[in-house]
Protein chains: 2
Amino acid sequence: MINATRAVLDMLAGKWTVEIVYLLATGTRRYSEVLYEVGEISKKTLTQTLRSLEHHGLVDRREDPDLPTRVEYSLTPLGWSLTEPLMALYEWAAAHLLGARTPTQRLTA
Amino acid sequence: MINATRAVLDMLAGKWTVEIVYLLATGTRRYSEVLYEVGEISKKTLTQTLRSLEHHGLVDRREDPDLPTRVEYSLTPLGWSLTEPLMALYEWAAAHLLGARTPTQRLTA
DNA sequence: CTGTATCCAGTAGGATACTG
DNA sequence: CAGTATCCTACTGGATACAG
């Protein structure tokens, strides 16, 4: 059970992974669009993150053979299904971190 | 929304964090018990992880003044509440990683 | 028993330049 | 346009020894 949970967490582990999933949840994007719309991510890290997501089956990479190359990234059905438990995490955060405040936030508030 | 989600993920970020939460969900433990029951974790990392969980209000640290010192760790109500979205992640993994298989697993299967 | 201090290796991720 | 190659820094976590 820990292992299964960790497996999911590992899929989302990167610094920008969740943000990219959320972004693609709003629609297909080209490489450069993701690069632009995601805050200060480097191309190297973006490629790594997208490859990881693709490797785990959450994201689909579709390459257009025309020049200059066009590559489109989109969520797979599996990727979409993951947004559900992801929303559960968000709901928890909204209820407990914004509502009740954590000790951390109390200090800096 | 990304930020709130990331905040939760950051709470669970450590290599052993989730395992410790699951362990404490089965009952209060002493430091040495956690050390023993969690696979190959170092004392340094264990202390760091517990401190982080405590700092985020998920775990309660209770020190017994008697010598030799006895310290008991347990989940707070907030920590307990987190097991719910955590279960949602596990359920997703159970349904999609074990059931349908990811490309990754297909390759190595 | 419950840590802390120190040192060290591996990895994530940024900056920059280059390629098909 | 969509990356790759290279270099570099910071952080994570393990090993070991020491401390109250």
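Naming: A, B, ... by sequence-line order, numbering from 1 per chain.
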**Prompt:** Under a criterion of less than 4.0 angstrom to any heavy atom of chain B, what are the 5'-terminal and 3'-terminal contacting nucleotides of DNA chain C?
**Reply:** C/dC1 to C/dC7

**Prompt:** Between the base of D/dG13 and the side chain of B/K15, is there any donor-acceptor pair under 3.5 Å?
**Reply:** no

Tell me: [atom1] of [X] to [atom2] of [N], nearest whole Å?
{"X": "A/L35", "N": "D/dG3", "atom1": "CG", "atom2": "P", "answer": "11 Å"}
{"X": "A/Y36", "N": "D/dC1", "atom1": "OH", "atom2": "P", "answer": "13 Å"}
{"X": "A/L50", "N": "D/dA2", "atom1": "CG", "atom2": "P", "answer": "11 Å"}
{"X": "A/K43", "N": "D/dC1", "atom1": "NZ", "atom2": "C1'", "answer": "9 Å"}
{"X": "B/Q48", "N": "D/dC11", "atom1": "CD", "atom2": "C1'", "answer": "10 Å"}
{"X": "A/E33", "N": "D/dC1", "atom1": "CD", "atom2": "C1'", "answer": "12 Å"}
{"X": "B/D10", "N": "D/dC11", "atom1": "CG", "atom2": "P", "answer": "14 Å"}

**Asked** Are side-chain N/O atoms of B/Y22 and A/T5 paired as donor and acceptor at under 3.5 Å?
**Response** yes

**Message:** For A/T26 and A/R29, which I'm curious about, is there any donor-acceptor pair between the side chains at under 3.5 Å?
**Reply:** yes

Working to the nearest 0.5 angstrom, can you tell me the gap between [X] [atom1] and [Y] [atom2]?
{"X": "B/L97", "Y": "B/Y90", "atom1": "CG", "atom2": "OH", "answer": "10.5 Å"}
{"X": "B/E84", "Y": "A/L89", "atom1": "CD", "atom2": "CG", "answer": "11.5 Å"}
{"X": "A/L35", "Y": "A/L50", "atom1": "CG", "atom2": "CG", "answer": "9.5 Å"}

**Item:** Closest-nucleotide ordering on DNA chain C, the 5'-leading residue of B/P68 and A/K44
**Value:** B/P68

**Item:** Residue whose closest nucleotide on DNA chain C lies nearer the 5' end, A/L46 versus B/S32
**Value:**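 So the residue in question is B/S32.
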
**Asked** Are A/R51 and D/dT4 close enough that a side-chain N or O sits under 4.0 Å from OP1 or OP2?
**Response** yes

**Prompt:** OP1 or OP2 of D/dG14 sitting under 4.0 Å from any side-chain N/O of B/T45?
**Reply:**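 Indeed, a polar side-chain atom of B/T45 lies that close.
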
**Request:** Give the C-alpha distance, both sets of side-chain angles, the deciding distance and a yes or no for side-chain hydrogen bond (donor to acceptor under 3.5 Å, both in side chains) between A/T69 and A/Y31.
**Result:** CA-CA 10 Å; A/T69 326; A/Y31 180 85; over 6 Å; no

**Asked** In terms of side-chain heavy atoms of B/W16, which of D/dC1, D/dG3, D/dG14 is nearest?
**Response**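 Given the options D/dC1, D/dG3, D/dG14, the side chain of B/W16 is closest to D/dG14.
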
**Prompt:** Is a salt bridge present between A/R6 and A/D10, judged by a nitrogen-to-oxygen distance below 4.0 Å?
**Reply:** yes

